[in-house]
Amino acid sequence: MFLVLVDLLVVSGVAYLFYRFRNRSSLPLPPGPKRLPLFGNALSIPNTREWLAYHKWSKELGTDILYLEMMGQSIIILDSHKAASDLLEKRSTIYSSRPPFTFLNELVGTTYQTATMKYGETWRLHRRLSHAFFGPNTPLNYKPPSVRATLHLMNRLLDNPKDIKTELHYMAGDSIMSMCYGLDVRTKDGTTYLDAVQTGIQAFTEAAIPGQFFVDMLTFLKYVPEWMPGAGFQNRAREWRDATNDMLTLPFAASKQNMALNTCPPCFTCQTLQAKEEKQGGLDEEEVRNVMGAMFVGGSDTTAAALSSCILGLLSRPDVLQRAREELDRVIKPGSLPDFEDEPFLPYITAIAKEALRWREVTAFGMPHYNEVEDVYKGYRIPAGTIVMPNLWTLLHDEDEFPDPFSFKPERFMKGDEFNHGIKDPESVCWGFGRRICPGRHMAFSAIWITIASLIYVFDIEKEVDEHGSIIEPNPRYNSGLILTPEAFPCRITPRSDDFAKLVRASLGQ
Ligand code: HEM
């Protein structure tokens with residue numbers, strides 16, 4: 001009797017699977033623009049600002065899941081918050097992997113990177129380690145270094161007020177370098193490491209976008225030797241391999257050396273390695289190094305891009321600067337500079353930080369997600385091995401949620417003098433979705449917040465004027481890579497008074 005029952009179960013199980021498989025495979029793919037044989041949509045996807053075309057196609061086809069194909073690689077763009085949340089959050093067991101990234105992972109050799117890593121045990125370990133240091137419960141790990149980096153920034157701006165974009169970039173590197181490795185970028189060594197990582201960061205921001213390198217879709221190309229005509233990507237991969245290796249190993253080695261000499265200030269490297277020693281192993285030192293490298297790559301250009309965009313927004317709205325200044329003057333005690341203790345009393349500064357993250361998205365897609373098994377959504381088949389990307393640009397500029405979405409309007413988050421929690425929070429979008437959500441988000445928001453509060457409190461931030469006294473409108477172009485950064489732009493940044501300049505000069509001695 002028992003065996004008959006087992007037989008029945010097996011037969012009905014197989015029949016069910018067959019039925020499902022047959023049914024799924026016969027389901028249509030989601031709507032998408034017309035595809036050419038072999039190329040798919042590769043020839044019609046624009047080279048720059050492709051998220052605008054994706055949104056336009058989604059609108060024209062009346063869909064929020066847009067299907068594209070590039071040389072046989074299926075890609076789905078999620079063009080609404082609901083679709084992004086339904087797939088990447090509610091079905092996160094299916095959609096939390098990353099594409100194979102043949103160029104980055106196999107040719108450049110970055111399989112150790114959290115951001116490009118397949119979903120699995122090593123990735124989970126990376127997330128546990130980064131959460132332990134950068135999570136919401138350990139603000140002391142990242143808030144004091146952010147304050148210090150802001151003080152360094154303001155001191156540099158007193159000496160060199162001309163190039164705000166470069167200074168913000170340097171500031172982001174400063175805070176992340178001291179958090180991860182306890183290294184001071186103002187020393188010769190620190191500066192050298194910062195320079196070394198720039199090329200490494202460039203490799204990620206250029207190569208993490210699907211379609212940038214054909215070898216990601218036609219993977220047999222990875223065997224093409226470097227000397228062959230048309231194999232320039234192999235040359236590029238070799239250069240980037242060296243740079244990413246330096247980025248990974250040099251600052252980590254310096255931090256370990258400082259640890260051995262007992263001169264390493266509290267940082268991710270020494271805290272995690274010490275914890276490892278106390279537990280007597282159990283944690284691979286190489287993994288600690290890899291997580292640090294990932295946080296460094298993830299953390300420098302992104303924060304700097306958000307801050308540069310924020311300054312551009314402020315330049316476009318002198319009235320916003322004025323209102324923020326009034327709020328700061330009411331709250332900050334004379335003779336002090338803004339600190340995180342003031343955060344609950346400075347809702348307008350918080351509104352400015354949120355609006356900066358919404359107005360000019362730091363990244364239009366984040367990192368691509370990838371499903372390893374087939375799925376069905378809204379009656380459409382999503383084949384296994386599809387690259388799935390939320391169109392963050394669409395979500396952050398949704399006219400229903402954020403009226404007049406292309407204007408910089410921090411007041412949209414205010415109700416009188418209070419922060420309005422009834423408005424959609426751009427942070428529910430800008431850090432990505434599901435299990436791969438940005439692990440540096442708490443630290444990033446803190447760094448952005450303290451920098452904005454401090455700069456507005458201490459400096460007059462105005463449009464630059466030319467030799468005839470005419471205002472120069474800052475209208476920089478943005479690049480079109482993974483991280484969207486404006487070109488350098490003119491901006492006049494001068495201390496409000498000598499007293500404020502003195503306060504900043506004295507701050508580092510405190
Ligand atoms: C304004 C600043 C930042 C923005 C807008 C931002 C945004 C994002 C987004 C959209 C993703 C992809 C999430 C997804 O796949 O759904 C991501 C991933 C990531 N971010 Fe950030 N980020 C910022 C700052 C930082 C900082 C400061 C760090 C490190 C300290 C960091 C480290 C990472 C890492 C390691 C990943 C990969 C996570 C994974 O694949 O599991 N990010 N970030």
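Start at 1 with the first residue, then count along the sequence. Indexing begins at 1, ligand by ligand and atom by atom, following the structure's order. Excluded from the calculations below are hydrogen atoms, water molecules and symmetry mates; all remaining heavy atoms, backbone and side chain alike, are included.
Within the 4.5 Å cutoff, the side chain of F445 has heavy atoms near those of the L357 side chain.
Under 4.0 angstrom from ligand 1, the non-hydrogen atoms of A115 come from both its backbone and its side chain. With a 4.0 Å heavy-atom cut-off, ligand 1 is reached by no atom of R435. By the criterion of a heavy-atom distance under 4.0 Å, neither the backbone nor the side chain of M117 is placed next to ligand 1. With a 4.0 Å cut-off on non-hydrogen atoms, F296 does not touch ligand 1 at all. By the criterion of a heavy-atom distance under 4.0 Å, the side chain of M443, and not its backbone, is placed next to ligand 1.
Heavy-atom proximity to atom 41 (O) of ligand 1, evaluated over R127, M367, E427, is greatest for R127. The option from G298, A172, S97 that lies nearest to atom 32 (C) of ligand 1, judged by heavy atoms, is G298. The option with the heavy atom closest to atom 30 (C) of ligand 1, from among I176, T114, L392, is I176.
Between K59 and D79 no salt bridge is recorded (no basic side-chain N to carboxylate O distance below 4.0 Å). Salt bridge absent: K165 and E487 never bring a charged side-chain N and a carboxylate O closer than 4.0 Å.
The backbone N or O of S300 sits nowhere less than 3.5 Å from a side-chain atom of T303 that would complete a donor-acceptor pair. Under the 3.5 Å distance criterion, the side-chain polar atoms of H397 are matched with a main-chain donor or acceptor of W393.
Residue pairs that meet the salt bridge (charged side-chain N to carboxylate O under 4.0 Å, His left out) test with at least one member in residues 420-435, sequence neighbours left out, are K354-D425, K354-E427.
In this structure, the protein non-hydrogen atom closest to atom 6 (C) of ligand 1 is W431 CE3, 3.7 Å.
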